[in-house]
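One-based numbering along the sequence shown. Excluded from the calculations below are hydrogen atoms, water molecules and symmetry mates; all remaining heavy atoms, backbone and side chain alike, are included. Here the structure is a predicted model, which is why all the values come from computation and not from measurement. As the structure lists them, so they are numbered: ligands from 1, and atoms in each ligand from 1.
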Amino acid sequence: MMPRIRTAVFPVAGLGTRFLPATKTVPKEMLPIVDKPLIQYAVDEAVEAGCDTLVFVTNRYKHAVADYFDKAYELEQKLEHAGKSEQLDLIRNVLPSHVRAVFVTQAEALGLGHAVLCAKPIVGDQPFAVVLPDDLIWNRGGAGALTQMADAAEATGASVIAVQDVPREQTGSYGIVATDSFEQRQGRITAIVEKPKPEVAPSNLAVVGRYVLSPRIFALLEATRPGAGGEIQLTDAIAQLLTQEAVNAYRFKGTRFDCGTHIGLIEATIRYALDHEKLSDSARRMMQNALDELGVEDLQ
Ligand code: G1P
């Protein structure tokens, strides 16, 4: 048995250079998918999984994420006076009242592993989640990916890492795992390597940005030297962890959108718009019109 996770860490210190010029002033985590910024989807998923402490690892230039979760007194007052209660609820409910947000600065961009290590003083000696907001996971009407993983971790006592199959030519963009055979959605990880070339990748099973980790990872991160890309990699510390404790790969239920890329962001936007309570009808019509105008055969 593992205690239920209560803390989620959100590494949000990246520069988001892929989305320049938008990310010149707006952090990529604040880019919207239809009506909410990416970070809000990540936070909602963690809160649904039972987390009440959210640790944002930011850099000194990224005030927008902290401002977003802060109370906006003036705006609240204005909306209140104008009787705009729906909008008021929207800005008041970015975080439920039982949840606290903690901001930690990563002074140097030394990699994902280093970002997670920066959260150690807040997390302490408890299992915790890491959520990468770039990876948006949509499980229509069902439990979020992190809830599925937290349930699995609680039941087995093992750390749990989200995985999905990717085409072999893409292994160089992901952490890649080798596992024992899967039972239902889980298989014990026997090896993990960061961004291997397809020729040397142990499989095509890729790590997606959701982790439930034992706190032992912190001591291992402290001893981890820079790896792929000269960065301190979370993957390398996990490779050490699995020599000491069970770490399971978890094939989550849901669709993952890679919102760290332009096309992933567009795909997520289309999917969420088509499924949106108020927008789906007009989104469908608008997309049909666009396809008709282009001529469907042009898409082939
Ligand atoms: C990070 C991890 C990688 C993982 C990926 C998932 O890479 O290092 O192991 O597969 O997230 O999105 P990044 O995409 O930050 O380079």
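Within the listing of ligand 1, atoms 3 (C), 4 (C), 9 (O), 10 (O) sit less than 4.0 angstrom from a heavy atom of Gly175. Remark: ligand 1 atoms within the under-4.0 Å shell around heavy atoms of Thr235 are 9 (O).
When distances from atom 14 (O) of ligand 1 to the protein are checked, no heavy atom turns up under 4.0 Å.
Summary of contacts: the protein heavy atom closest to atom 12 (O) of ligand 1 is Asp135 OD2, 2.8 Å. Leu132 CD1, 3.4 Å is the protein heavy atom nearest to atom 11 (O) of ligand 1.
Both the backbone and the side chain of Val207 come within 4.0 Å of ligand 1, counting heavy atoms alone.
Under a 4.0 Å N-O distance rule, the pair Arg225/Asp236 does not qualify as a salt bridge. Taking a cutoff of 4.0 Å between a charged side-chain nitrogen and a carboxylate oxygen, Arg256 and Asp135 qualify as a salt bridge.
Side-chain contact check for Arg210 versus Phe252: every heavy-atom pair is 4.5 Å or farther apart.
Counted by atom type alone, Gln244 and Arg216 present one or more donor-acceptor pairs between their side chains at under 3.5 Å.
In this structure, the ring of Tyr41 has its center no less than 6.0 angstrom from the ring center of Phe257.
Between the choices Gln164, Lys195, Glu194, Arg256, the shortest heavy-atom distance to atom 8 (O) of ligand 1 belongs to Glu194.
Linking Ile, Leu, Val, Met, Phe, Trp and Tyr whenever their side-chain heavy atoms come within less than 4.5 Å puts Leu132 and Val207 in one cluster.
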